[in-house]
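Data first, discussion second: the structure below is written as structure tokens.
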Number of protein chains: 2
Amino acid sequence: MTSPVSSKSDPATEALGFAAHDHDHCVETAMAAAEARCNAEGLQFTPVRRKALEILLQEHRALGAYEVLDRLRDAGFGSQPPVAYRALDFLVANGFAHKIERLNAFIACAHPGTSHSPVFMICRLCDSVAEASAGPTRGALGQAARDAGFQIERTVVEAEGICPACSEKAQA
Amino acid sequence: MTSPVSSKSDPATEALGFAAHDHDHCVETAMAAAEARCNAEGLQFTPVRRKALEILLQEHRALGAYEVLDRLRDAGFGSQPPVAYRALDFLVANGFAHKIERLNAFIACAHPGTSHSPVFMICRLCDSVAEASAGPTRGALGQAARDAGFQIERTVVEAEGICPACSEKAQA
DNA sequence: GCGATATATGATATGAGATAACATGACAAG
DNA sequence: CTTGTCATGTTATCTCATATCATATATCGC
Ligand SMILES: [Zn+2]
Ligand SMILES: [Zn+2]
Ligand SMILES: [Zn+2]
Ligand SMILES: [Zn+2]
């Protein structure tokens, strides 16, 4: 096994929501679901877009646009920034992926299909990212908005800290 | 009067938390408070840092690091990016200012002195930003973190939408 | 005070993230 | 076949951010 040492690790054994899982299977099912939804809604799930989503799903972590671009180039697509940004824009606009503002990076949605306001937990030690789901108008934000007369259209909720795995490691 | 036309407007008449206020006074008191706290805590409130905070307070909106840098240069300080980033890092690290991740921009804290997890409301029409305060472990985020065993160290909570003022304009 | 150590500033260079603008190709509607 | 729409590719440029090295200024133990 290579480099069990520090932060980055093998996606197949790494956290999805900080929990181990059958990675190949989850990629396949997510791709199939995306395929189906694009068909149903008349969205053009073109090769670049498909590949971009596959890249995000494979990694199961937040990738910068240029990392995605590198992999798209390797797969034979264009090599200029707009190629990646356009594919990512499509994925984000249609809920297949999210942008993590804190990291300027993108990640495949962990709860696709459902309309949701994502909530992210970002481990500062291993860079893993878990996605939870939350109603948009609940909690402190919704209250503050109502008090102020502010109409929320979109929310960014991201927590930075230590994931369970790194927490255990630190104790040992 | 110049350009009452579109989005950007005079800080003195513009929203602080979407509400009008005595701007000169609020800048002065905030500067004095910062001064006092730096003295009390042994922080070096140097000329660049002081000026950077003054700039953020004067504008009362989110400024990009390079906008701050421009104004610092005008005030006779260094003109290279690290000058601004270092001053801003100091202000953020000590709670005098916050970074708005969604905008890659910085804003003076509206509730200085108190330890708090800020919550921002960003108007996509006029770019005004209001800061509300909220306990870090409440709401959906705190619940998701507890469920996952994730230790939150810092939170980013930002809502994008329409502020009360722009909402009224739109109705008319 | 004085030297050692830490902290802050200045300047250079470079890296990383994002978009404007324009050209080309695929395809469907009229 | 023409026209409009959408997706892709490419070029150039812009904004945001940091690594690094050199110099100055505090701070602290003595
Ligand atoms: Zn999601
Ligand atoms: Zn971790
Ligand atoms: Zn604040
Ligand atoms: Zn507004």
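Each chain gets a letter, A, B and so on, in the order its sequence line appears, and its residues count up from 1. Keep in mind that the numbers below use all heavy atoms, side chains included, and drop hydrogens, waters and symmetry copies.
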With sequence neighbours left out, what residues match Glu153(B) under salt bridge (charged side-chain N to carboxylate O under 4.0 Å, His left out)? Arg124(A)
Begin with the C-alpha distance, continue with both residues' side-chain angles, and end with the deciding distance and a verdict on side chain to side chain contact (heavy atoms under 4.5 Å, CB included) for Cys163(B) and Cys126(B). CA-CA 8 Å; Cys163(B) 76; Cys126(B) 68; 3.8 Å; yes
Write down the distance between [atom1] ([X]) and [atom2] ([N]), rounded to a whole number of angstrom.
| X | N | atom1 | atom2 | value |
| --- | --- | --- | --- | --- |
| Arg50(A) | dA7(D) | CZ | C1' | 14 Å |
| Glu67(A) | dG17(C) | CD | P | 7 Å |
| Leu88(A) | dT8(D) | CG | C1' | 15 Å |
| Leu69(B) | dA11(C) | CG | P | 11 Å |
| Asp89(B) | dC16(D) | CG | P | 15 Å |
| Asn94(A) | dC6(D) | CG | P | 14 Å |
| Arg86(A) | dT19(C) | CZ | P | 12 Å |
| Leu43(A) | dC6(D) | CG | C1' | 13 Å |

Quick one: does Glu54(A)'s side chain get under 4.5 Å of Glu28(A)'s, heavy atoms only? no
Evaluate the side-chain proximity of Arg49(B) to Gln44(B): yes if any heavy-atom separation is below 4.5 Å, no if none is.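 The answer is yes, as the side chains (C-beta and beyond) meet within the 4.5 Å cut-off.
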In terms of relative ring orientation, are Phe96(B) and Phe45(B) parallel, tilted or perpendicular, with 30° and 60° separating the classes?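 Phe96(B) vs Phe45(B) ring planes: tilted.
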For the pair Tyr85(B) and Phe106(B), name the ring-plane relationship: parallel under 30°, tilted 30 to 60°, perpendicular over 60°.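 Judged by the thresholds at 30° and 60°, the geometry between Tyr85(B) and Phe106(B) is perpendicular.
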Distance alone, cut at 3.5 Å: any donor-acceptor contact between the side chains of Gln143(B) and Asp147(B)? yes
Under 3.5 Å, is there a donor-acceptor pair linking the side chains of Gln151(A) and Ser167(B)? yes
Would you please confirm or rule out a distance under 4.0 Å between OP1 or OP2 of [N] and any side-chain N or O of [X]?
| X | N | answer |
| --- | --- | --- |
| Tyr85(B) | dA17(D) | yes |
| Asn104(A) | dA18(C) | yes |
| Lys99(A) | dA18(C) | yes |

Summarise protein proximity over nucleotides 22-30 of chain D in one line of letters, 5' to 3': B for base, S for sugar-phosphate only, - for none, counting protein heavy atoms closer than 4.0 Å. -----S---
5' to 3', nucleotides 23-30 of chain C under a 4.0 Å protein heavy-atom cut-off (B base, S sugar-phosphate only, - none) gives --------
Relative to the 5' end of DNA chain C, which residue comes earlier, Tyr66(A) or Tyr66(B), by the nucleotide with the nearest heavy atom? Tyr66(B)
By nearest-nucleotide position on DNA chain C, the 5'-leaning member of Thr46(B) and Pro82(B) is Thr46(B)
Can you pull out how bent the helix from dG1(C)-dC30(D) to dG30(C)-dC1(D) is, comparing the axes over its first five and last five pairs, to 10°?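 Taking the rotation axis at each end, their angle is 30°.
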Within residues 146-172 of chain B or reaching into it, pairs that qualify as ring-ring contact (aromatic ring centres under 6.0 Å, His included) - sequence neighbours excluded: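 Residue pairs with at least one partner in residues 146-172 of chain B: Phe18(A)-Phe150(B).
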Given side chain to side chain contact (heavy atoms under 4.5 Å, CB included), test Met121(B) with Glu131(B) step by step and report yes or no. CA-CA 7 Å; Met121(B) 288 170 278; Glu131(B) 177 183 349; over 6 Å; no
Between dA18(C), dT10(D), dT8(D), which nucleotide gets closest to the side-chain atoms of Ala65(A)? dA18(C)
Short of 4.0 Å, heavy atom to strand atom, which residues of residues 71-80 of chain A count as contacting DNA chain C?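 DNA chain C contact set from residues 71-80 of chain A: none.
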Side chain to side chain contact (heavy atoms under 4.5 Å, CB included) between Leu56(B) and Leu88(B), intermediate numbers included: CA-CA 10 Å; Leu56(B) 292 181; Leu88(B) 290 167; 3.9 Å; yes
Applying salt bridge (Lys or Arg N to Asp or Glu O under 4.0 Å) to Arg61(A) and Glu67(A), what does each step give before you reach the verdict? CA-CA 12 Å; Arg61(A) 62 184 180 94; Glu67(A) 292 183 88; 3.4 Å; yes
Pair Arg73(A) + Asp70(A): basic N to acidic O under 4.0 Å: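 Result for this pair is yes, salt bridge flagged.
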Identify the two heavy atoms, one from Cys123(A) and one from Cys166(A), that lie closest to each other, and give their separation to 0.1 Å. SG-SG, 3.7 Å
Using heavy atoms to find the nearest nucleotide of DNA chain D for Arg49(A) and Glu101(B) separately, return the residue whose nucleotide is more 5′.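 Its nucleotide being nearer the 5' end, the pick is Arg49(A).
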What's the verdict on ring pair (Phe, Tyr, Trp, His ring centres under 6.0 Å) for His116(B) and His98(B), showing C-alpha distance, side-chain angles and the deciding distance? CA-CA 11 Å; His116(B) 60 283; His98(B) 301 290; 5.2 Å; yes
